[in-house]
> 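My structure is below; once you've seen it, I'll send some questions.
Note that the structure is predicted; figures quoted are calculated from it, not measured. Just so you know, residue 1 is the first one in the sequence shown, and it goes up from there.
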Amino acid sequence: MTMLKINLKTTRLAYFLTLIHIVTRGMLYSVPLLNINLNGHLQYLLLFLAEFSYLGVLVYLILVLRHFGYKWLPLPLILLLITEMVSFATATFFRPDNKDTAVLYSGTLAGLSVFFLAAEVWLSIATYHVRNNHVLRSFRLFAFTLLSAHIAKTLLTVYFAFLLVTKDQDYLNYVNLLYLVPPLTVFFIIQRVSIALGESKVSG
């Protein structure tokens, strides 16, 4: 149970998980742009590391909010966590190139996109109805960049797909780089939590 508590040890773990996520996700997004062919096993390894490290970071963020006494604010993050898990399971077990599962795959991802957007909007609104402290300001930045990346990717995808009428999918690899911004803001949350924990340790 000690690992479920927010302390300097779990905060350091969250730092390394965030770093792992950014590096592995960045590699997955950059490889197509550099025309590098990755071994299939290595690609799956990077994908699993990127996904599970991100899930670990989301769990940490939920625990941080609970640690600081917010009972309802973690709910949009819990929705985001569940949606992320279902999305990963869908991408793992249903192949879009399989005719039998392609429709189910596309429909599920479309539905999950709505849940992602709902969780991000909910989190963005919720973070503006809490006490104005350093930790919560960093959560607002995370929520804002998460929602902004989602909206920007959607608009850019529509623009390239319909207005340019192109079949070239390389632009999506550039657009995906937007999703590296929200994890970067997690470092600010970790920094603020570390300061708060240090101050409480000194005062205690």
> Just jot down the side chain to side chain contact (heavy atoms under 4.5 Å, CB included) partners of P182, sequence neighbours excluded, or say none.
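Testing P182 for side chain to side chain contact (heavy atoms under 4.5 Å, CB included), a comparison that skips the adjacent residues, returns F142, T145, L146, A149.
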
> Among residues two or more places apart or on two chains, list those pairs meeting salt bridge (charged side-chain N to carboxylate O under 4.0 Å, His left out) that have a residue in residues 116-125.
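The answer is none; no pair qualifies.
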
> Do L17 and L8 share a hydrophobic cluster (ILVMFWY, side-chain heavy atoms under 4.5 Å, transitive)?
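In one cluster with L17: L8, yes.
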
> Passes side-chain contact (heavy atoms from CB on, under 4.5 Å), S53 versus V57? Steps please.
CA-CA 6 Å; S53 58; V57 170; 5.6 Å; no

> Is L184 linked to Y60 within one hydrophobic cluster, defined over Ile, Leu, Val, Met, Phe, Trp and Tyr using a side-chain heavy-atom separation of less than 4.5 Å?
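In one cluster with L184: Y60, yes.
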
> Using 0.5 Å steps for rounding, measure from the NE2 atom of H67 to the CD1 atom of I62.
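Atom-to-atom, H67:NE2 and I62:CD1 are 15.5 Å apart.
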
> Mind listing the closest non-hydrogen atom pair of K153 and V175 along with its distance?
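Here K153 and V175 meet closest at CG-CG1, 3.3 Å.
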
> Quick check: is F52 connected to V59 through a chain of hydrophobic side chains (ILVMFWY, heavy atoms under 4.5 Å apart)?
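Cluster IDs for V59 and F52 match.
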
> Could you tell me which residues satisfy ring-ring contact (aromatic ring centres under 6.0 Å, His included) with F16, sequence neighbours excluded, listed by chain and number?
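Partners of F16 under the ring-ring contact (aromatic ring centres under 6.0 Å, His included) test: none.
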
> Tell me, please, which residues at least two apart from S138 pass side chain to side chain contact (heavy atoms under 4.5 Å, CB included).
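Counting only residues at least two positions away or on another chain, S138 forms a side chain to side chain contact (heavy atoms under 4.5 Å, CB included) with F188, I189, R192.
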
> Measure the CG-CG distance between N176 and L28 for me, rounded to the nearest 0.5 Å.
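These two atoms lie 10.0 Å from each other.
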
> For residues F68 and V135, report the shortest heavy-atom separation together with the two atoms involved.
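Shortest heavy-atom contact: CZ-CG2, 4.0 Å.
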
> Kindly write out the residues that satisfy ring-ring contact (aromatic ring centres under 6.0 Å, His included) with F139, not counting sequence neighbours, or none if the list is empty.
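So F139 forms no ring-ring contact (aromatic ring centres under 6.0 Å, His included) with any residue.
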
> Tell me every residue that passes ring-ring contact (aromatic ring centres under 6.0 Å, His included) with F187, counting only those two or more places apart in sequence or in another chain.
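Applying ring-ring contact (aromatic ring centres under 6.0 Å, His included) to F187 gives Y15.
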
> About how many Å separate CG of L177 and OG of S30, when rounded to the nearest 0.5 Å?
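Result: 6.0 Å between the selected atoms.
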
> Is there a path of hydrophobic side-chain contacts, each under 4.5 Å between heavy atoms of I, L, V, M, F, W or Y residues, that connects L141 with I151?
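The answer is no; the residues belong to distinct hydrophobic clusters.
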
> Donor-acceptor pairs are to be reported for all side-chain atoms of residues 74-87 against protein atoms at under 3.5 Å, with residues two or more places apart or in another chain.
residue: T83; atom: OG1; partner: L79; partner atom: O; Å: 2.7

> Rounded to the nearest 0.5 Å, how far does CZ of R66 lie from NZ of K5?
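The CZ atom of R66 is 15.5 Å from NZ of K5, to the nearest 0.5 Å.
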
> Which residue pairs pass the salt bridge (charged side-chain N to carboxylate O under 4.0 Å, His left out) test when at least one of the two sits in residues 39-50, sequence neighbours left out?
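Qualifying pairs, neighbours excluded: none.
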
> When you group the ILVMFWY residues by side-chain heavy-atom contacts below 4.5 Å and let the links chain together, are L112 and V121 in the same group?
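No; tracing contacts between hydrophobic side chains, which count when under 4.5 Å, never links both residues.
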
> Verify the distance criterion only: is there a donor paired with an acceptor across the side chains of Y54 and T18 at less than 3.5 Å?
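Not at all, the side chains of Y54 and T18 share no donor-acceptor pair under 3.5 Å.
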
> Who passes ring-ring contact (aromatic ring centres under 6.0 Å, His included) against H150, sequence neighbours left out?
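None.
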
> Just jot down the salt bridge (charged side-chain N to carboxylate O under 4.0 Å, His left out) partners of E51, sequence neighbours excluded, or say none.
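Applying salt bridge (charged side-chain N to carboxylate O under 4.0 Å, His left out) to E51 gives R25.
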
> Which pair of heavy atoms, one from L197 and one from I6, lies closest together, and at what distance?
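Closest approach of L197 to I6: CD2-O, 3.9 Å.
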
> For S124 versus L147, what's the shortest heavy-atom pair and its separation?
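Nearest pair, atom of S124 first, then L147: OG-CD2, 3.7 Å.
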
> Check side chain to side chain contact (heavy atoms under 4.5 Å, CB included) between T24 and all other residues, then give those that pass, not counting sequence neighbours.
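For T24, the residues satisfying side chain to side chain contact (heavy atoms under 4.5 Å, CB included) (neighbours in sequence not counted) are I20, L46, L49, A50.
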
> So how far is it from L73 CG to L136 CG, rounded to the nearest 0.5 Å?
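Here the rounded value is 6.5 Å.
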
> Would you list the pairs meeting salt bridge (charged side-chain N to carboxylate O under 4.0 Å, His left out) in which at least one residue belongs to residues 36-47, sequence neighbours left out?
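Of all non-adjacent pairs touching residues 36-47, none passes salt bridge (charged side-chain N to carboxylate O under 4.0 Å, His left out).
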
> Is the ring pair F48/Y44 parallel, tilted or perpendicular, if the boundaries are 30 and 60 degrees?
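Rings of F48 and Y44: tilted, as their planes differ by 30° to 60°.
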
